[in-house]
**Student:** 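Below are the structure tokens for one structure; questions will follow.
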Amino acid sequence: MSEGFIEPDLGFIAELKLRGGETLKKCYQCASCSVACDLTHDDKPFPRKEMIWAQWGLKDRLMSDPDVWLCHQCGDCSLICPRGAKPSSVLAAIRNASFRRFAFPGFMGAALSSPLYLPILAAVPVLLLAAALYSMNGFAVPEGTVVYSKFMPIRAIDSVFLPASLFSLVCAVAGVRRFWDGLVRANPLPADANIPSAIIGAAKEIITHERFAKCDKNRYRRLGHLMLFFGFVSLFITTNMVMAYHYLLRRETPLELLDPVKLLGNVGAVFAFVGCTWIIAKRAVSDEGSTHYDWTFVLALYLTVITGVLSELSRLAESPGPAYPVYFFHLTLVFFLIVYMPFSKFAHMLYRATAMVHSMAAQK
Ligand code: SF4
Ligand code: SF4
């Protein structure tokens, strides 16, 4: 903006249209959406203001707007919009643009934002894991009982996953740091803001998903997201416990079916499967429209859970034919999810949590 004039970022408007916000120009600022939203604040309601900012192409303002992330995409506002402007989809498009904007390194954000790069991104874990497998046992398939650690030793898995996970962690921290810096620059916090208390408050909201329950017409999403969230957390804990068993207790897989870690993993898999199925079914019939970001993330998660379950079933059935290929495919999907997390829709967990902390700290 200069001399009182607004200089729209036409490239950003085109990007929003490309990422699911093609209806943004239909908005005529009636504000019905902000009235319908159960999550908005009274003092600076959304999503009406985001709609006009999007129409004007105010990229910097939208990229540093915490309200974009306080929306849980329930769709209530889109249902009531008299113009069919789909504000819920426009906010999702702004979030999709943010994944690319804050990605570090930038080329990873660009790669994850386009389906054209999907084959290359999928090939990376296949090649890395195949190289690790070959270097350990030359692709030899163990004879007898199905034991995955004989096929793919943990040190082979770690040789790929440890550096890749470290890369992912560094990138995630850098992306969140960029986002946080933009938030506090555009929306300074009061000098006495209590950040630790805001972090605890945000964690409580995330664990209970209580903001989901505030949206009238789409309460079902809370249950689906809660199941997926707890399923994912359980599987994450299980993976780390298996490593702890291996390195600290010298206990190897497969674990007994009644081992607490195994039980946690199986319960987590059921939760994640049901949650994923729920979300995919609803997304498939939704008229909100879904983008490459939405589908890539949820389908990768779904396939990860399914191949994990099939790996276990084929091991229990003593079927080495399907067991080892499925297990290998499962590992490539786990890599896809974890290592590409900071650049994909998966990162919404990080950005939303950051925005919640900022919003709560601003209220103190
Ligand atoms: S998005 Fe729809 S409901 Fe919201 S201000 Fe624009 S026209 Fe009105
Ligand atoms: S999608 Fe739901 S939470 Fe998001 S702005 Fe619309 S009504 Fe509010």
Side-chain angles (χ1 to χ4, degrees), residues 6 8 12-13 16-17 19-58 61-99 187 202 205-206 208-226 228-229 278-279 282-283 285-291 293-294 297-298 345 347-349 351-360 363:
I6 290 172
F12 182 61
I13 297 172
L16 291 184
K17 288 183 172 179
R19 302 200 187 291
E22 59 275 7
T23 48
L24 70 90
K25 289 287 185 185
K26 291 186 176 179
C27 171
Y28 61 2
Q29 290 292 297
C30 70
S32 304
C33 50
S34 294
V35 175
C37 180
D38 295 302
L39 296 184
T40 191
H41 346 259
D42 293 336
D43 51 344
K44 52 181 188 86
F46 63 86
R48 186 202 59 82
K49 67 179 186 308
E50 283 72 17
M51 291 301 287
I52 191 94
W53 292 350
Q55 288 182 336
W56 289 345
L58 300 185
R61 197 174 289 190
L62 285 167
M63 292 293 105
S64 55
D65 175 17
D67 294 345
V68 166
W69 298 91
L70 300 184
C71 158
H72 278 44
Q73 208 177 350
C74 66
D76 284 0
C77 52
S78 292
L79 288 174
I80 208 167
C81 174
R83 292 277 294 159
K86 296 187 179 175
S88 173
S89 296
V90 173
L91 288 187
I94 297 166
R95 290 190 291 271
N96 288 343
S98 303
F99 298 138
N187 315 272
E205 278 208 4
I206 291 167
T208 58
H209 276 45
E210 63 187 20
R211 286 174 63 82
F212 273 84
K214 292 181 185 166
C215 289
D216 280 343
K217 300 184 185 66
N218 282 301
R219 286 170 186 267
Y220 68 86
R221 291 181 73 241
R222 182 189 190 201
L223 194 54
H225 275 79
L226 263 180
L228 186 55
F229 175 73
W278 193 301
I279 289 169
K282 285 295 177 187
R283 190 179 296 287
V285 297
S286 165
D287 59 359
E288 275 288 304
S290 295
T291 62
Y293 272 110
D294 301 308
F297 167 67
V298 76
K345 181 158 185 191
H348 79 276
M349 295 189 300
Y351 294 127
R352 178 162 289 145
T354 306
M356 286 165 79
V357 169
H358 179 279
S359 173
M360 288 183 182
Q363 290 165 19

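Start at 1 and go down the list; that is how both ligands and their atoms are numbered. In this text the structure is predicted, and so the values were computed from the model without any measurement.
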**Student:** Looking only at protein heavy atoms, identify the closest one to atom 8 (Fe) of ligand 1 and say how far it is in Å.
**Tutor:**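 Here the nearest protein heavy atom works out to Cys30 SG, 2.3 Å.
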
**Student:** Less than 4.5 Å apart, any side-chain heavy atom of Lys25 and any of Ile13?
**Tutor:**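 A side-chain contact exists here, since the closest heavy-atom pair is under 4.5 Å.
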
**Student:** Heavy atoms, side chains only, cut-off 4.5 Å: are Cys81 and Cys33 in contact?
**Tutor:**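 The answer is no; the side chains never approach within 4.5 Å.
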
**Student:** Under 6.0 Å from the CG atom of Asp43, do we count more than 12 heavy atoms belonging to anything else shown?
**Tutor:**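 Yes, enclosed.
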
**Student:** Would a 4.5 Å heavy-atom cut-off, applied to side chains only, mark Pro82 and Tyr28 as touching?
**Tutor:**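 In contact.
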
**Student:** List ligand 1 atoms under 4.0 Å from Ser32, heavy atoms only on the residue side.
**Tutor:**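 By the 4.0 Å cutoff, the relevant atoms are 3 (S).
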
**Student:** Is the closest side-chain heavy-atom distance between Met356 and Trp69 below 4.5 Å?
**Tutor:**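 No, too far: nothing below the 4.5 Å cut-off.
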
**Student:** Below 4.0 angstrom from a heavy atom of Pro82, which ligand 1 atoms are there? Numbered from 1 as shown, please.
**Tutor:**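 Close to Pro82: 3 (S).
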
**Student:** Looking at Phe46, which atoms of ligand 2 are within less than 4.0 Å of one of its heavy atoms?
**Tutor:**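 Ligand 2 atoms under the 4.0 Å threshold to Phe46: 5 (S).
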
**Student:** Tell me, which protein residue and heavy-atom name are nearest atom 4 (Fe) of ligand 1, and how many Å apart are they?
**Tutor:**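 Result: Cys33 SG, 2.3 Å.
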
**Student:** Return the closest protein heavy atom for atom 6 (Fe) of ligand 1 as residue, atom name and distance.
**Tutor:**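 Sorting protein heavy atoms by distance from atom 6 (Fe) of ligand 1 puts Cys27 SG, 2.3 Å first.
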
**Student:** Ignoring water, what protein N, O or S atoms are under 2.8 Å from atom 2 (Fe) of ligand 2?
**Tutor:**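 Correct list: Cys74 SG.
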
**Student:** Check whether any side-chain heavy atom of Asp67 sits under 4.5 Å from a side-chain heavy atom of His41, and report yes or no.
**Tutor:**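 Yes, at least one pair of side-chain atoms sits under 4.5 Å.
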
**Student:** Show which atoms of ligand 1 fall inside a sub-4.0 Å distance from at least one heavy-atom site of Tyr28.
**Tutor:**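 That gives atoms 6 (Fe), 7 (S) of ligand 1.
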
**Student:** Hey, is Arg48 touching ligand 1 through its side chain, its backbone, both or neither, going by heavy atoms under 4.0 Å?
**Tutor:**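 It is the side chain that gets close, since no backbone atom is under 4.0 Å.
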
**Student:** How close does the nearest protein non-hydrogen atom get to atom 2 (Fe) of ligand 1, and which residue and atom is it?
**Tutor:**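 Looking at atom 2 (Fe) of ligand 1, the protein heavy atom closest to it is Cys81 SG, 2.3 Å.
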
**Student:** Just so I know, are the side chains of Val90 and Pro47 near enough to count as touching, which here means a heavy-atom distance under 4.5 Å?
**Tutor:**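 No, side chains not in contact.
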
**Student:** Starting from atom 5 (S) of ligand 1, what is the nearest protein heavy atom, named by residue and atom, and what distance separates them?
**Tutor:**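 Result for atom 5 (S) of ligand 1: Ala31 N, 3.1 Å.
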
**Student:** Is the shortest heavy-atom distance from the side chain of Leu62 to the side chain of Glu50 under 4.5 Å?
**Tutor:**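 Side-chain contact under 4.5 Å: yes.
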
**Student:** As an exercise, identify every atom of ligand 1 less than 4.0 angstrom from a heavy atom of Gln29.
**Tutor:**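 Under 4.0 Å from Gln29, ligand 1 has these atoms: 5 (S), 6 (Fe).
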
**Student:** Could you measure the distance from the OG atom of Ser89 to the CD atom of Glu22? Nearest 0.5 Å is fine.
**Tutor:**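 Between atom OG of Ser89 and atom CD of Glu22 there are 7.0 Å.
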
**Student:** To the nearest 0.5 Å, what is the distance between CZ on Arg95 and CG on Asp65?
**Tutor:**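 Answer rounded to 0.5 Å: 11.0 Å.
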
**Student:** Out of curiosity, His225 NE2 to Gln73 CD, how far, rounded to the nearest 0.5 Å?
**Tutor:**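 Reported value, rounded in 0.5 Å steps: 8.0 Å.
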
